[in-house]
Amino acid sequence: MVLLVVMGVSGSGKSTVGSHLATKLGWKFYDADDYHPTENTKKMAQGIPLNDQDRIPWLCKLHDILMREESAGQSVILACSALKKMYRRILVSGGDAVYSKSDQLDSATGKVLFIHLDGSMELIASRLEKRRGHFMAPELLQSQFNTLEPPSAPENFITVSLEKPVSEIVSEIEKSLHLEKCFSRAVSELDAH
Ligand SMILES: Nc1ncnc2c1ncn2[C@@H]1O[C@H](COP(=O)(O)OP(=O)(O)OP(=O)(O)O)[C@@H](O)[C@H]1O
Ligand SMILES: O=C(O)[C@H](O)[C@@H](O)[C@H](O)[C@H](O)CO
């Protein structure tokens, strides 16, 4: 059972890559965009960036979804911006992460694997210019980059370039998942001896 979060700035391809990967693997897919309260969606449509207060209750709701799927033994993919380290901690550990010291939470980081879709603002902006029928105002892209804290150790993550075609990105993630699986199996076998 795997809990995967495809993360990155707006327009990085989270929904596209996440849904393709979920279809290929036969896993459940959630798009965090569908769980924003209307006040958040309205703000973003007006070109006003969300702040921590706007995002924290939304992230707690998403944490609950991940935990529900974990209890059901269901592998799942969530497309979610998860821009700051603290936001990722909330997804992994829930609302207490806001008040806990980072080292108290590091043991839980392995529960969720973050896939960071990384690439240039220019390319993403050109993709957003062409995207139609989405609430997010394209001019928010700069603030998304300003807010982004790219994942770093000891977080459990891999970084994938968003510049390739979707099918290549999906295959690259599948390969990394396979390697991760082999690695954890080898570690647990070593531990058993
Ligand atoms: N690898 C890719 N190659 C070409 N176009 C892509 C690629 N990935 C995504 N796109 C296109 O870029 C646009 C943004 O992608 P998508 O909506 O999946 O991003 P997102 O990160 O989910 O955005 P948001 O957070 O704003 O919902 C879409 O029009 C999508 O078709
Ligand atoms: O954290 C945020 O600022 C928001 O979650 C945005 O990233 C949107 O959800 C999404 O990316 C817009 O489509």
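Side chains included, hydrogens not; waters and symmetry mates left out as well; all remaining heavy atoms used. Indexing begins at 1, ligand by ligand and atom by atom, following the structure's order.
Distance from atom 13 (O) of ligand 2 to its nearest protein heavy atom, with residue and atom name: His134 CE1, 2.9 Å. Here the heavy atom of the protein found nearest to atom 12 (C) of ligand 2 is Met136 SD, 3.3 Å.
The option with the heavy atom closest to atom 21 (O) of ligand 1, from among Met7, Arg132, Lys14, is Lys14. The closest heavy-atom contact to atom 1 (N) of ligand 1, among the options His134, Glu168, Lys164, comes from Lys164. In the candidate list Val160, Leu123, Asp31, Thr16, Thr16 is nearest to atom 18 (O) of ligand 1, counting heavy atoms.
The shortest N/O to N/O separation between Arg131 and ligand 2 does not fall below 3.5 Å. The N/O atoms of Gly13, backbone and side chain alike, include one that comes under 3.5 Å of an N/O atom in ligand 1. Between Trp58 and ligand 2, a contact under 3.5 Å exists for no N or O pair. For ligand 1, none of its N or O atoms has an N or O atom of Leu128 under 3.5 Å away.
The closest approach between Tyr87 and ligand 2 stays at or above 4.0 Å for every heavy atom of the residue.
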- Task: Decide side-chain contact (heavy atoms from CB on, under 4.5 Å) for Val92 and Phe114; before the verdict, give the C-alpha distance in whole Å, the side-chain angles of both, and the deciding distance to 0.1 Å.
- Result: CA-CA 10 Å; Val92 175; Phe114 290 90; 3.8 Å; yes
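Every atom of ligand 2 is numbered from 1 in the order shown, and the set under 4.0 Å from a heavy atom of Ser10 is 11 (O).
Salt-bridge formation is not detected for the pair Lys14/Asp31: no Lys NZ or Arg NE/NH1/NH2 atom is positioned less than 4.0 Å from an Asp or Glu carboxylate oxygen.
His36 and Trp58 have parallel rings, their planes meeting at less than 30° on a 0 to 90° scale where 60° marks the start of perpendicular.
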